[in-house]
There are 2 protein chains.
Amino acid sequence: MIRNISTSEVLYETGREGAAWRVVSGSVRLDRKTPEGDAGFASLAIRGDIIGAETMLFGAYSFTATALSPCTLTSWPEREGSPAPAGDLLKTLIFAERRAAEVIALRYGQAAERVKRLVMLLAAPGADCAGSVHVPLQVTLPPRQDMADITALTLETVSRMVSGLRRSGVLSPTTDNGAVSGNRFSLGSGKIDYLFDTQESLR
Amino acid sequence: MIRNISTSEVLYETGREGAAWRVVSGSVRLDRKTPEGDAGFASLAIRGDIIGAETMLFGAYSFTATALSPCTLTSWPEREGSPAPAGDLLKTLIFAERRAAEVIALRYGQAAERVKRLVMLLAAPGADCAGSVHVPLQVTLPPRQDMADITALTLETVSRMVSGLRRSGVLSPTTDNGAVSGNRFSLGSGKIDYLFDTQESLR
DNA sequence: CGCATTTTTGATACACGTCAATCTCCGTGG
DNA sequence: CCACGGAGATTGACGTGTATCAAAAATGCG
């Protein structure tokens with residue numbers, strides 16, 4: 001089974017019944033409902049990640065999943081109805097731990113570095129097209145508030161940093177069929193590692 | 001097989017061969033070796049968590065594990081030699097995702113809240129003694145530098161916040177056999193939710 | 001007891017949060 | 001076709017929580 005979801009759409013909510021999914025393209029944020037009612041960012045899933053595996057044990061979702069960009073999902077495991085084999089579960093576990101380490105790293109260091117790392121993570125090509133031609137990577141950036149929740153910054157700071165990345169050439173606008181689409185960018189092929197430190201230096 | 005490890009001792013290193021472990025007591029930090037050579041904090045494991053599961057796929061560890069407090073480990077799965085069943089792997093996956101969400105939350109909010117959440121996490125009783133008598137929880141705090149790495153604060157700020165928790169009665173020194181042991185505290189039973197915001201208000 | 005390491009405390013600087021004012025898209029209806 | 005309005009993004013000015021630098025105090029260990 002395949003699902004297509006658009007940005008900011010909710011894939012599923014905490015407590016609801018459902019099954020596990022594999023993120024084929026796009027990116028998803030997972031939130032846990034805190035007692036105060038506000039949804040706290042819990043994890044990030046990008047292409048290749050499995051989400052909602054807890055339903056295989058509880059029958060219900062532990063997190064709420066929201067699309068950060070247009071994305072497509074497929075049921076997991078592939079063969080619906082049959083339980084996931086141990087080998088697949090092990091691989092999923094290891095990938096989840098690696099992804100968690102990356103997300104944790106997104107909340108360390110200066111704002112400019114964090115936002116850049118997030119952009120790179122979202123733009124990272126899947127393992128399937130490793131070693132292919134050297135085309136510039138492309139990203140569809142999530143809403144600023146989501147980027148802020150992920151990096152533990154504020155919406156305003158993220159906006160400033162994205163502007164800085166544009167200005168320094170790391171991100172350049174992309175044209176789709178003649179029209180510039182708002183949040184779609186291509187990564188500057190020259191790995192510009194220029195770091196802007198303060199808000200003033202961004203001008 | 002059982003291992004006893006003392007604070008700051010390395011359990012295993014990235015790339016080394018070995019097996020998976022269950023943390024029976026104490027706490028462990030996992031680091032990934034970054035290209036720059038400095039070990040970046042990757043994850044936190046406390047009582048009940050499984051670490052080193054990647055060896056079941058790769059044969060080698062992906063992270064470096066260091067004890068944050070005196071802790072004991074047992075081989076996992078219980079029956080050495082035989083592979084872990086799918087059910088256990090699924091449970092491990094779900095626990096890992098939950099723990100990751102908690103660690104991510106440790107890097108959000110004001111310094112005082114973060115340090116307090118870390119202390120509470122380290123002091124949390126295992127699921128085995130749920131609903132038991134109401135005895136004050138105890139913690140052995142990790143070295144300040146480790147607490148700083150986990151919360152993405154600095155050593156100095158963590159020290160100030162721990163002092164604040166002591167002053168506000170959340171943490172009180174514990175005596176073991178008449179001698180006050182440096183980093184062992186008991187949690188004030190009255191849930192003091194007083195939040196000190198600035199460094200000045202800590203005095 | 002004396003030295004090395006860790007922790008605590010202090011003073012100052014600055015990176016980011018906060019508050020607030022535009023600005024840019026888009027969709028909607030007159 | 002253009003005026004209108006709402007939502008998200010950008011930019012600016014200012015305050016503050018925490019990093020930084022530095023020194024003293026506590027702790028552990030031979």
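Proteins get letters first, then strands, A, B, ... in listed order; numbering begins at 1 in each.
- Judged as a ring pair (Phe, Tyr, Trp, His ring centres under 6.0 Å), and not counting sequence neighbours, A:Y108 has no contacts.
- The number of heavy atoms from other shown groups lying within 6.0 Å of CZ (A:R16) does not exceed 12.
- Counting heavy-atom neighbours within 6.0 Å of A:R117 CZ, excluding the residue itself, gives a total above 12.
- For the pair A:R114 CZ and C:dG17 C1', the computed distance is 12 Å after rounding to whole Å.
- Phosphate proximity of D:dT20 to B:T154: absent, as no side-chain N or O sits under 4.0 Å from OP1 or OP2.
- A salt bridge links A:E102 with A:R99: at least one charged nitrogen is closer than 4.0 Å to a carboxylate oxygen.
- Across C:dT8, C:dG10, D:dT10, the shortest atom-to-atom separation from the side chain of A:R166 is found for D:dT10.
- The base of C:dC16 does not come close enough to the side chain of A:E156 for any donor and acceptor atom to sit less than 3.5 Å apart.
- Atom CD in B:Q145 sits roughly 11 Å away from atom P in D:dT20 (whole-Å rounding).
- Atoms CG (A:L165) and P (D:dT10) sit 11 Å apart, rounded to a whole Å.
- Distance B:M161 CE to C:dT7 P: 16 Å, rounded to the nearest Å.
- The separation between B:L153 atom CG and C:dA15 atom C1' is 15 Å, rounded to whole Å.
- We find that CZ of A:R107 is positioned 18 Å from C1' of C:dA15, with the value rounded to whole Å.
- Of the N and O atoms on the side chains of B:T140 and B:R184, at least one donor lies less than 3.5 Å from an acceptor on the other residue.
- B:R144 places its CZ atom 15 Å from the P atom of D:dA19, with the value rounded to the nearest Å.
- Regarding contacts with the backbone of D:dA19, a side-chain N or O of B:T157 is found under 4.0 angstrom from either OP1 or OP2.
- Here C:dC16 is the nucleotide among C:dC16, D:dA9, C:dT7 with the atom lying nearest to any side-chain atom of A:Q110.
- Between the side chain of B:R160 and the base of D:dT20, a donor-acceptor pair under 3.5 Å is found.
- Going from atom CG of A:N183 over to atom P of C:dT24 covers 16 Å, rounded to whole Å.
- Among the atoms of the strands shown, none is found under 4.0 Å from any heavy atom of B:A148.
- Checking A:V158 against B:L155, the closest nucleotide of DNA chain C that is more toward the 5' end is the one next to B:L155.
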